[in-house]
Amino acid sequence: MAAETVVGVDVGGTKILAGIVARNGVVGRTIEVPTPADDAAAILSEIDKLTGELLKDGAAAVGLGVPMNLDPVTGVAYKATNLALENVDVAGRLRTRFGVPVGIENDANAAALAEWRLGAGVGVRTLVLFTLGTGVGGGIVLDGRLYRGWAELGHVVVDADGEPCQGSCHGRGHLESVASGHAADRAARKLYGDSSDAHQLVERARAGDAGAVAAITRIGHFLGIAVGSLANIFDPELFIVGGGFGAAAGELLLEAAQATGRREAITPADARLRVVPAMLGDEASLVGAALVGFEALDGER
C-alpha cells in the first residue's frame, strides 16, 4: 500500500498545501497552512512539519512543487519572487531528515505535468499552462515531454516599460505585474477603494459591473499577448489557464485571452488557437508535485 501513495507538497505564495496522493491523482488526507512568506526558516519548518505528519500515513516518497527556478542537475532552488527563499536544497533537506525519495519541480511545471497526464491536456503532445495566483507561473509540455527548464512565463514582457514587477523581480511590464491576483487586487482598489480585492472584482464582474468587466477583460488582454507570442514559438495544441485567480475569473478572462492571442498569432495558429480552463482546480500543483514524487520513487529522475 505504501508504494501506491506519496506526499505531495504545494508551496504557494499564500498557503502551503500538502496531501496524500495516489498514482491516479486521487487526493486523500490534506493539510493546509498559511505561508509565512517573509521568514525562510519558518517556511522550511512548515514544510518539514507537514511532510512528517503525512508520512505517518504510509506514503513512500515526497514530491515538492515550489514557486522557484531550479538548477536542473542539483535540484537546488535558486530564488522565489514572492517568498523569502533563496539558494536552498529543499528536497535534499527532506531526504536527509526522512530517508525517503524526494522529487522537486517548479510549482507551475508540476501543475502542467498534472494537467497533461490527468486533466485538460490528456491526449495532446504540446501545451502551455498558465497559473494565475499570487503571481503568474507557467509550464510547457513539448512533443510529449514536460519541459524541465525554468519556463518563467510570468516574466514574459507584455507591456514594454510598464508596471514594475512584484516581489524581488526588478523587471517592468512582465505578465505577472498585469495578470496576477495582485494585479486584480490593484484594479479592485482603484475601482472600489482600498479595502477591495480580487475576490470583489470577480464578484462584481459576474454581476455585470462594467468597471469590473473591463478590468478583467484587460487582464485577459495582457494574458492573450503572451498567448499569441508563445503560439508563434511553440504552436501548442492547447493553452490551459489555472491558478486561483485564473479559475475565479473564468470565461471572461479566457475569452479575452483567446481573442487577443488569435490576433497576435500567425497563420495557421491564429485560427486553431484554444484557451481552456484547467480541470484539476486548486489541486493541480499538489497532484503535479505528487507525480514528481512518484518519479523519484520509480527512479525516473
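Source: prediction; values computed, not measured.
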*State which residues pass ring-ring contact (aromatic ring centres under 6.0 Å, His included) with His221; sequence neighbours excluded, sorted by chain then number.*
none
*Got a sec, which residues hit side-chain hydrogen bond (donor to acceptor under 3.5 Å, both in side chains) with Asp143, two or more places apart in sequence or on another chain?*
Arg125
_Who clusters with Tyr78? Use side-chain heavy atoms, under 4.5 angstrom, across I, L, V, M, F, W and Y, and order the result by chain and number._
Trp150
*Thr51: partners by side chain to side chain contact (heavy atoms under 4.5 Å, CB included), with sequence neighbours left out*: Val9, Ile47, Leu55, Val62, Leu94, Phe98
_Suppose the criterion is ring-ring contact (aromatic ring centres under 6.0 Å, His included): which pairs have a residue in residues 157-213, not counting sequence neighbours?_
His155-His174
_side-chain hydrogen bond (donor to acceptor under 3.5 Å, both in side chains) partners of residues 92-104, not counting sequence neighbours, each pair once_ = Asp48-Arg93, Asp48-Arg97
*Partners of Ala265 by side chain to side chain contact (heavy atoms under 4.5 Å, CB included), sequence neighbours excluded?*
Ala231, Asn232, Ala269, Asp270, Leu273
*With sequence neighbours left out, which residue pairs that include part of residues 275-288 fulfil the side-chain hydrogen bond (donor to acceptor under 3.5 Å, both in side chains) condition?*
none
*Listed by chain and number, what are the side-chain hydrogen bond (donor to acceptor under 3.5 Å, both in side chains) partners of Glu176, not counting sequence neighbours?*
Asn82, Gln166
*Go through the structure and list residues passing side-chain hydrogen bond (donor to acceptor under 3.5 Å, both in side chains) with Gln200, not counting sequence neighbours.*
Ser196
*Say whether, by atom type as modelled, one donor and one acceptor occur between the side chain of Arg172 and the main chain of Gly162 under 3.5 angstrom.*
yes
*Can you list the residues that meet the side-chain hydrogen bond (donor to acceptor under 3.5 Å, both in side chains) rule with Lys15, with sequence neighbours excluded?*
none
*Do Leu83 and Thr35 come within less than 4.5 Å of each other through their side chains, counting heavy atoms only?*
yes
_Side-chain cluster (under 4.5 Å, hydrophobic types only) that Ile266 belongs to, other residues_ = none
